[in-house]
Student: 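Submitted below is the structure of interest, expressed as structure tokens.
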Amino acid sequence: MSPGTPAHEQLIEFLERDQLVSDTSKPVARLNLAPRAQAGLWALRIFFLSLSVMVIWTFIAGLG
Amino acid sequence: MSSQLREPALEGVDGPIITLPPLTAEDRIRSADRHRVHDARSGGRRYYLFWLLIGPGILAMLGENDGPSMISYAAAGATFGDGFFLPFILLTFAMAFVCQEMCMRVGAVTHRGYGQLVLERFGRLWGWFAAGDLLVTNLVTLVAEFVAIRIGLAYFHLGSGIAAGMGVLLVVLTISGGRYRSWERVVLGLAVFNGLFLVAAILVHPHAGRIAHGFLTASPFPTGGLNTILLLVASTIGATVTPWMIFFQQSASADKGMTPTDVRAGRTDTLVGAVFAAVFGCGALIAGAALLGHGGAGVNGLSGAGFPAALRRVSGGGAGTVFALGLIEAGAVAILTISASTGYAIAECVGAAHSFNGRSRNSLLFYLANVGAAAVAGAVILIPGVPLLKIALNANVLATVLLPVALIFLLILANDRELMGSMVNSLRSNVIGIAIVAFIALAGSAYAIDSFLQTIHVIS
């Protein structure tokens, strides 16, 4: 279908502009997190990663 | 290539010339779906409109009523009875509804999946962490889904080769339609059979008074070691709210083409899914509770026919057969939804096309990740001597432990006014959301730390 034809325009009519692949493939702007928020996220990340290691350790130990 | 169109402005005055962007095959298919929604809405056909808009919410909820979840519920019932866990399951699905509603809303407003948004908004590192967590938990959970199918098939004297082949073939067949809509409708059709767990509950002839007492009083409270109770609480939470659901529902809502005008229908879709999933989950619990007082006979034999065979001995062949079929369904639907969430996450995080509406050559990575995840998990159950029961129970616990970080990012996204505009979380949603994160984090941490300390003999 050629752009500019009525069929093309009709297809676009049913989609929101920011729903088109050409739009969703453009990245949204990066969020600037405050250093304290960054630190909080890293602390949580490390804490829950440590818990995962504990779960996996327990699982492997339980196999024996 | 693009085209130009004069944008309508005030009456009698021409608007500015705007440039129309080019349309991809994915856009064209999505536009056809949106055309139907538009016609149903403008024609006032409310039920047809709802029918068109349901899908991601029901699939996320019933997909999470998966093999390991139903095994966890039945194990809880067989070990402790159903008293405490009946209202607890309702509570966990209420929590799931709050989380999934946020996913649907963020997906409908931003038209982007969770993985893509985390990557773009917080940076590549956090995006890859999120996708990495998901990949690990999804692979473990997928193995558990194949385990559930194997348990169901073992009841009919069929082996693990058939379970593995069936699961992978199902993924290949459902994605071959080349459209999100056809994929969604096939999986919804399969998900209806999650109701088999309710049938199984009826077939074990539970005492209605005992069930009502359990719902109203949350008693009898489970007895036994703290670690066992923590395991069951953590795995019950993990049976209801998981990282893959977050990725799946947000990406599927965007892939379906939902917009802010569909948020109300999406909310109903999620609520309906939560109610059905809670009812069917309680069904598995009640069916499992039939084994209480019978020494949980056969419950630990999950490498064989396990629960279905035990139910057959205690409550008759009908209950065993229905429970076995339910496990096959639960595993099959979850393989489809979890594979889809893996495909979405991987493709979103490398910036590749990620839609069921995309042509296979353009969305190759998305489709390969879909099939690959299922194939790797299916191969694991073919290894002789793999501890299938332990994998099934620990899959949920691992998901619970890794969930809080995913939920925190979801909360930040749902409060991001630049992305969400007026559709940001309300104060009530935030209070409930933060309470849910705290509760899940506490339950997961308590189990992980307690069992680790026991393993290294610091406590007994």
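FYI, side chains are in, hydrogens and waters are out, and symmetry mates aren't considered; it's all heavy atoms of this structure. Each chain gets a letter, A, B and so on, in the order its sequence line appears, and its residues count up from 1. Because the structure is predicted, anything quoted here is derived from the model rather than measured.
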Student: Starting at CH2 of A/W42, measure out to CH2 of B/W126 and round the result to the nearest 0.5 Å.
Tutor: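 Interatomic distance, A/W42 CH2 to B/W126 CH2, rounded to 0.5 Å: 5.0 Å.
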Student: Quick check on A/L41 against chain B: is it the side chain, the backbone, both or neither that has a heavy atom closer than 4.5 Å?
Tutor: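 For A/L41, backbone and side chain are both near chain B.
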Student: Quick one: are A/Q19 and B/R34 in side-chain contact, heavy atoms under 4.5 Å?
Tutor: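 Yes, close enough: below the 4.5 Å cut-off.
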Student: Give, for atom OH of B/Y447 and atom OG1 of A/T58, the distance between the pair rounded to the nearest 0.5 Å.
Tutor: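 Here the rounded value is 6.0 Å.
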Student: Does the ring of B/F122 carry A/R30 above it, NZ/CZ under 6.0 angstrom from centre and within 45° of its axis?
Tutor: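 Judged by the rule, A/R30 and B/F122 form no cation-pi pair.
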Student: Which region of B/H38, side chain (C-beta onward) or backbone (N, CA, C, O), has a non-hydrogen atom less than 4.5 Å from a non-hydrogen atom of chain A, or is it both or neither?
Tutor: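 Interface part for B/H38: side chain.
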Student: Check side-chain hydrogen bond (donor to acceptor under 3.5 Å, both in side chains) between B/T24 and all other residues, then give those that pass, not counting sequence neighbours.
Tutor: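 For B/T24 the side-chain hydrogen bond (donor to acceptor under 3.5 Å, both in side chains) partners, ignoring immediate neighbours, are B/D27.
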Student: Test of understanding: with side chain to side chain contact (heavy atoms under 4.5 Å, CB included), list the residues that count as partners of A/P27, not counting sequence neighbours.
Tutor: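 By the side chain to side chain contact (heavy atoms under 4.5 Å, CB included) rule, A/P27 matches B/E120.
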Student: Sub-4.5 Å heavy-atom contacts with chain A: which residues of residues 110-119 of chain B show up?
Tutor: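 Those residues of residues 110-119 of chain B which have a heavy atom under 4.5 Å from chain A are B/H111, B/R112, B/Q116, B/L117.
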Student: Please classify the contact between B/A441 and chain A as side chain, backbone, both or neither, with a heavy-atom cut-off of under 4.5 Å.
Tutor: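 Both parts, heavy atoms under 4.5 Å.
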Student: Just so I know, are the side chains of B/S31 and A/E13 near enough to count as touching, which here means a heavy-atom distance under 4.5 Å?
Tutor: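 In short, these two side chains do not touch, never coming nearer than 4.5 Å.
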Student: Just by modelled atom types, is the A/A29 backbone N or O under 3.5 Å from a matching donor or acceptor in the B/R121 side chain?
Tutor: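 It does hold such a pair.
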Student: Side chain, backbone, both or neither: which part of B/F409 has an atom under 4.5 Å from a heavy atom of chain A?
Tutor: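 For B/F409, side-chain heavy atoms alone lie under 4.5 Å from chain A.
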Student: Using heavy-atom distances under 4.5 Å, tell me whether B/L413 contacts chain A through its side chain, its backbone, both, or neither.
Tutor: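 No part of it gets close to chain A.
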Student: What pairs with B/W128 under ring-ring contact (aromatic ring centres under 6.0 Å, His included), at least two apart in sequence or on another chain?
Tutor: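 Result, ring-ring contact (aromatic ring centres under 6.0 Å, His included) vs B/W128: none returned.
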Student: Side chain, backbone, both or neither: which part of B/L403 has an atom under 4.5 Å from a heavy atom of chain A?
Tutor: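 Neither part, no heavy atoms under 4.5 Å.
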Student: Supply the atom-to-atom distance B/D416 CG to A/L31 CG, rounded to the nearest 0.5 angstrom.
Tutor: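 If I round to the nearest 0.5 Å, the distance is 5.5 Å.
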Student: Distance from B/L398 atom CG to A/F59 atom CZ, nearest 0.5 Å?
Tutor: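 Answer for the CG-CZ pair, B/L398 versus A/F59, is 10.0 Å.
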Student: Please examine the side chains of A/R45 and B/D133, heavy atoms only from C-beta on, and report whether any two atoms are closer than 4.5 Å.
Tutor: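 Yes; the side chains approach each other to less than 4.5 Å.
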